[in-house]
Amino acid sequence: MNIQSCVEVRNEWDIVKARQSGRNIAKELGFGTVDQARITTAISELARNIYLYAGSGEVAIERVENGGKLGLKIEASDSGPGIKDIRKVMEDGFTTSGGLGAGLPGVKRLMDEFTIDSKENEGTIITSIKWLR
Amino acid sequence: MNIQSCVEVRNEWDIVKARQSGRNIAKELGFGTVDQARITTAISELARNIYLYAGSGEVAIERVENGGKLGLKIEASDSGPGIKDIRKVMEDGFTTSGGLGAGLPGVKRLMDEFTIDSKENEGTIITSIKWLR
Amino acid sequence: MDDRDLQYQKYKSILENYLQEQSEQTLYKGQQFSRKMIEQKISPEEAVSLHVSVLEELFPDIPQRLKNSYDFLLEMMIGYGFAYREHQSLRSRQQQLESEIEIAANMQQTLLAGDKPDVKGLDIGAISKPAQKMSGDYYHFVQDENNCMSVAIADVIGKGIPAALCMSMIKYTMDSAPEQRMQPGAVLENLNRVVEQNVDPNMFITMFYGLYDPRVHSFYYAGAGHEPGFFYDAEKDEFEELYTKGLVLGVSKKTSYQEYQRVLYGNDMVIMLSDGVTECRSSSGFIERDEIVAMIRKYIHLSAQEIVDEVYRELERLQEFELRDDFTLVILRREV
Amino acid sequence: MDDRDLQYQKYKSILENYLQEQSEQTLYKGQQFSRKMIEQKISPEEAVSLHVSVLEELFPDIPQRLKNSYDFLLEMMIGYGFAYREHQSLRSRQQQLESEIEIAANMQQTLLAGDKPDVKGLDIGAISKPAQKMSGDYYHFVQDENNCMSVAIADVIGKGIPAALCMSMIKYTMDSAPEQRMQPGAVLENLNRVVEQNVDPNMFITMFYGLYDPRVHSFYYAGAGHEPGFFYDAEKDEFEELYTKGLVLGVSKKTSYQEYQRVLYGNDMVIMLSDGVTECRSSSGFIERDEIVAMIRKYIHLSAQEIVDEVYRELERLQEFELRDDFTLVILRREV
Ligand SMILES: [Mn+2]
Ligand SMILES: [Mn+2]
Ligand SMILES: [Mn+2]
Ligand SMILES: [Mn+2]
């Protein structure tokens, strides 16, 4: 079995598309309702970031396995302006204040694994995994 | 109309009694469900503080009026050890951490008005009002 | 049975109980249960999900449409879950910051606070309370071999950590020029130079510096834009303002500070303070300087230390235990 | 219609919509709605109450028992409301603290950081990054009239605000003894005395101090318990450890520090660092000193500044952008 999907993000509709396929895959993999909602929210935030800050990019969702553990992996990538100061972006405290959504620290806390790679003027790749318990 | 009640607090049962009469009075005064629950919680916390830290004391609840505004006033008093450093007790941040409940800053935020008067070895009086909107 | 099952069973039993009798007792239990959930860092979306799954067991024939509404509520709560988790993380960052500030504040105390000296014939009271953990107010007593005692009170414009960093500079500078201690004007002139050179142009320091010579019962003093103190004339039973002329430290490269002198007779008092005392703001507006005088008068039969303690206590309560500025009050009284 | 009614209507319409078609689109809208509620500081118990009242309108014949269950849920959410409101209040306190620390950190920068000097024949690279806003690491260059350049690197054991307060003392002390600058051993001995006297006994400072004389291409140095640097011998293409013998500052009243000397030939490098560089911890364990050397070698064809920047960049990523300690790396290279 190899469940996967890849959604191009160019507008708000695509955010919904990405959410939908993320939720479907999460359900198929056996995540409970709360985790489905969390994964969907994480995807939503990442897709929204792409839409708002990079203009376009893609969100790939796939099933992963590691030593018998099953999980869902999100990979959000764009060739936008990149993140200048990653430490700053990952800092806590002000993300939910302006109604700007969860921000990256929020997404990190929703999921189990989270890595970010970004270079100015080249783009950003964020990879995040939630393991099935 | 002069609604009021006064509950002596010596054990956990009395906390429930104080809650109950607070909720009844709040309902009679016309507070909505959420505010009823908030007022009850504030009473609960104050009564619990008496029970835990002063041993015994009383919680008086009454209807107040001020310039046409109607409100519910809680007065929690004891002759316990008193609060040594009121500024410290009113400091934020750690009250919900140990499961110690809302603490006084939490109660203050639940209500509209809040004053505290305490002297070491003499006791504490806390007065708090919620206005009907 | 694992924790989750236990929780589920517990919640179910409380909820069933409530559905049977709707007693306050059960609601109280429910609230204690939710307190425990928060303690265990269970986020609000999980709490709602727990409620919903218990509900579905207790009401097996809830219509599908109603069930769907629960899913929607859950989705709504995810946002609150964000805020909740951020709260956890903020709190731990906060705890770390607070403990750092605690350590730094202790360093500051060790560094700055001089003990109240024991001067024959002089009753001294001093209190200094930071609005936050670290103070931008400063007071310091130094006693020399002739029993002369100097007293300095300073206030950095600004509060908290930056003010505290600035304060430590004052301390190093004053320590490095012990020979000037007898001339209040010269002390301020020297400090002005250092502050002007080293401190950010929009950070200012006000200061009052005095010296009491018990051999001649005289108090010599000078001030740099600092909140005026009071002089209490015991014979006339009157308070006067302790006016000083002189620019705030750090504004201009070269400034001179005029030196003043007062002789103290029995029960006369010199009262020095920072603007945190006079600019206390209560719910009914600013406290007037007159009111401070009235408070001091009220406690005038007490010792100098008791006076400052009581005034602080009263003003603290007036401000509902939230100081808006660092608070420093020092009283010297010539004993009879 | 007031805000509350509007909100009610909006929520009702989204929820109705969802009950009709259960689309992802509607859930997305729901989430954006909840985001707005959070923005408007609507607490979770109010959110649940909103949900319940809409529900009661949409399902007029919900049995009473089920209705009671909603009351119970509401009661449960009050506890989360506490946490939520505390979050609001913590955040504003946090913002204030952060902005204070920001100002203090800028003061620290102005106070501490010397510009990288322009020394003929010497290629200099320097980077220093605090783990938090304020640094307990320190580096400083001073160039004298003979073109000799001294370089100091220090690390306060401890981080954050207390370490920063301590750091400013080092700075004042070094400024007050400019005449010693040429003798690395004497500089450290003097500092040791001051630190021993003034600093809390459980606060220590490690330091490396060096002086480069371009007239004889020699580097003179001494160290006080500081993380050893490296010497790169370009001819042999080898890195050696820059060992120094000497106690940490502040431990013992009188300590002496041995002075060392190295001659730099073309492309030779002196590499100085704080333990924040070598004690980087990645998910796979501590970084070895060898790995640091390997990284420097990887970028050796670049300028000194580019080397330190790239090494920092790489180690930052290895640590997932969370520095556990202040990071300072300085490279001097004799140009050919
Ligand atoms: Mn101040
Ligand atoms: Mn002030
Ligand atoms: Mn350090
Ligand atoms: Mn270190």
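Note on naming: letters A, B, ... go to the chains in the order of the sequence lines (proteins, then strands), and numbering restarts at 1 for each one.
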Side chain / backbone / both / neither for C:Tyr80 at chain D, heavy atoms under 4.5 Å: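 When you check distances to chain D, atoms from both the backbone and side chain of C:Tyr80 fall under 4.5 Å.
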Holding to side-chain contact (heavy atoms from CB on, under 4.5 Å), I want the full list of residues that pass it with C:Gln7, two or more places apart in sequence or in another chain.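 With sequence neighbours excluded, C:Gln7 shows a side-chain contact (heavy atoms from CB on, under 4.5 Å) to C:Phe33, C:Met37, C:Gln40, C:Ile42, C:Leu50, given in chain and number order.
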Output side-chain donor-acceptor pairs under 3.5 Å for residues 64-78 of chain D, partner residues at least two apart or in another chain, one line each.
| from | atom 1 | to | atom 2 | distance (Å) |
| --- | --- | --- | --- | --- |
| D:Gln64 | NE2 | D:Asn68 | OD1 | 3.0 |
| D:Ser69 | OG | D:Leu66 | O | 2.6 |
| D:Tyr70 | OH | C:Tyr70 | OH | 3.2 |
| D:Glu75 | OE1 | B:Arg23 | NH1 | 3.3 |
| D:Glu75 | OE2 | B:Arg19 | NH2 | 3.4 |
| D:Glu75 | OE2 | B:Arg23 | NH2 | 3.0 |

Between C:Ser34 and D:Gly79, what is the shortest heavy-atom contact and its length?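 Between these two residues, the closest heavy atoms are OG-CA, 4.2 Å.
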For D:Lys253, enumerate each residue passing the salt bridge (Lys or Arg N to Asp or Glu O under 4.0 Å) test, keeping only those at least two apart in sequence or located in another chain.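 Partners of D:Lys253 under the salt bridge (Lys or Arg N to Asp or Glu O under 4.0 Å) test: D:Glu196.
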When you look at CD of C:Glu322, are more than 12 heavy atoms from neighbouring residues, nucleotides or ligands closer to it than 6.0 Å?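 It does not: C:Glu322 CD has 12 such atoms or fewer within range.
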Given a strict heavy-atom distance threshold of 4.5 Å, which part of D:Leu55 is in contact with chain C: side chain, backbone, both, or neither?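 Just the side chain, heavy atoms under 4.5 Å.
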D:Gln96, part contacting chain C, at a heavy-atom distance under 4.5 Å: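 Answer is side chain: those atoms of D:Gln96 sit under 4.5 Å from chain C.
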Option in C:Pro63, C:Ala47, C:Pro44, C:Gly30 with maximal non-hydrogen atom pairs under 4.5 Å from chain D: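 Winner by heavy-atom pair count: C:Pro44.
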What parts of residues 11-19 of chain C touch chain D if we use heavy atoms and a cut-off under 4.5 Å?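 Checking residues 11-19 of chain C against chain D gives C:Tyr11, C:Ile14, C:Leu15, C:Tyr18, C:Leu19.
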